[in-house]
Amino acid sequence: MEQRHLGRTGLRVSRIGLGTLTWGRDTDEHDAADQLKVFWEAGGTLVDTADVYGGGDAEYLLGQLVERLVPRGELVIATKAGSVPDPDRRFDGSRGHLLAALDASLARLGTDHVDLWQIHAFDPDTPLDETLQALDIAVSSGRARYAGVSNFCGWQLAKAATWQLAAPGVRTRLASTQMEYSLLQRGVEREVLPAALDLGVGLLPSSPLGRGVLTGKYRTATPSDSRGASEQMAPFVEPYLDEAASSIVDAVVTAADGLAATPLEVALAWVRDRPGVVAPIVGARNAQQLMAALSVEALSLPDEIRRALDDVSAPVHRYPDQDWSTL
């Protein structure tokens, strides 16, 4: 699998990442082991998790599988901290919480460092410089090799990345930002992606298949074994089952038919090759689903197909995002 630099850093990662959102909850040890083995054998290196996935079980499961199945040095392990199970405060970006969460993640993962440590979301109740100091401490102490953020809007990312660039050698530059990005969700193109491109921050798209909808499996009904049929995940899928999404899915299916490919491959290839994108993070229910996603390595979309998909999914960008010369 092709390797790409993560932002403006020396870290190289596979251009498809393996997500572990359901590990330890819907994905058991057997299926997780099969996925990790298939991913590694295909040349995959980037494995993304978080301290809250499965209440910590995703990290623990990954830690149990590493070394037993895959040499630790051949994986780029990325985890996140900052989300908390508190209905009154969803995110805690305080230095104390973040560093304690990192230590707990390392214990569950069974490693002395993570390759990429990410702030899971912006915390408006904590000064941003305090949150970012936790990244500096994590890297300077050797507990993390690189640092990133997740779910930061445009101004938040720009402020954070600029702050980190203000004192080279003292602060750790942001390597990445993880955001939802797909043909069904192109909101990052308004401000996040331009900021990331300008500041040398690599984009790691989550839900690159539109929460599974872009595979086409919801076109006629909701499969009983799908996320859309799960009581826990159905609200996550439902926003992308409207008429506008249906038109985009139809276009993806048409493109796939013309390329003798699958809708999954077309949708994933589109986001994988967008400017600024480093590695879409793909979550799978089992190894068979993962292999279907990894088959995209052989596909590059023709320019005319890419432009057609751009047009049918184009978001409406008005003032002040639009070029002022056209107003």
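Note that the coordinates shown come from a computational prediction; the quantities given were computed from them, not determined experimentally.
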Give a yes or no on whether the ring-centroid distance for Trp155 and Phe122 is below 6.0 angstrom. yes
Pair Glu2 + Arg15, salt bridge at N-O below 4.0 Å: yes
SB check Arg307 Asp311 (cutoff 4.0 Å): no
Crowding at NZ, Lys159 (>12 non-hydrogen neighbours, <6.0 Å): no
Please determine whether a side-chain nitrogen of the Lys or Arg among Asp303 and Arg306 lies less than 4.0 Å from a carboxylate oxygen of the Asp or Glu. yes
Looking at every non-hydrogen atom in both residues, tell me the closest pair between Ala279 and Gly17 and how far apart they are. CB-N, 4.3 Å
Within 45 degrees of the axis of the six-membered ring of Phe236 and under 6.0 Å from its centre: does Arg211 put its NZ or CZ there? yes
Worked verdict on Thr45 versus Trp40 for side chain to side chain contact (heavy atoms under 4.5 Å, CB included): CA-CA 6 Å; Thr45 61; Trp40 175 61; over 6 Å; no
If you measure from the Lys or Arg side-chain nitrogens to the Asp or Glu carboxylate oxygens, is any gap between Arg143 and Asp103 under 4.0 Å? yes
Any side-chain heavy-atom pair of Arg145 and Val114 under 4.5 Å: no
Side chain Asp123, main chain Gly93, donor-acceptor under 3.5 Å: yes
Is there a donor in the side chain of Asn151 and an acceptor in the side chain of Gln156, or the other way round, less than 3.5 Å apart? no
Side chains of Ser313 and Arg186: donor-acceptor distance under 3.5 Å anywhere? yes
Whether Asp115 side chain and Ile77 backbone form a donor-acceptor pair below 3.5 Å: yes
Any donor-acceptor pair under 3.5 Å linking the side chain of Lys80 with the backbone of Ser150? no
One should read off an interatomic distance between Leu209 CG and Glu265 CD, to the nearest 0.5 angstrom, of 11.0 Å
Check for a donor-acceptor pair, side chain of Thr20 on one end and backbone N or O of Asp48 on the other, with a separation under 3.5 Å. yes
Ring pair (Phe, Tyr, Trp, His ring centres under 6.0 Å) filter on Trp270, not counting sequence neighbours, yields Tyr181
Check whether any side-chain N or O of Glu130 sits under 3.5 Å from a backbone N or O of Arg95 as a donor-acceptor pair, and report yes or no. yes
Ignoring hydrogens and angles, state whether a donor on the side chain of Glu59 or Thr79 is under 3.5 Å from an acceptor on the partner side chain. yes
Are the side chains of Leu11 and Val13 in contact, using a 4.5 Å heavy-atom criterion? yes
Give the intermediate values and the outcome of side chain to side chain contact (heavy atoms under 4.5 Å, CB included) for residues Trp23 and Leu62. CA-CA 8 Å; Trp23 284 25; Leu62 177 58; 4.0 Å; yes
Report, as yes or no, whether the 6.0 Å neighbourhood of atom CZ on Phe91 holds more than 12 heavy atoms from other residues, nucleotides or ligands. yes
Selection residues 280-293 - residue pairs positive for side-chain hydrogen bond (donor to acceptor under 3.5 Å, both in side chains), sequence neighbours left out: Asp225-Arg285
How long is the gap from CG on Leu184 to OG on Ser182, to the nearest 0.5 Å? 4.5 Å
Kindly write out the residues that satisfy salt bridge (charged side-chain N to carboxylate O under 4.0 Å, His left out) with Arg68, not counting sequence neighbours, or none if the list is empty. Glu29
Take atom CZ in Arg90; do more than 12 heavy atoms of anything else shown fall under 6.0 Å from it? no
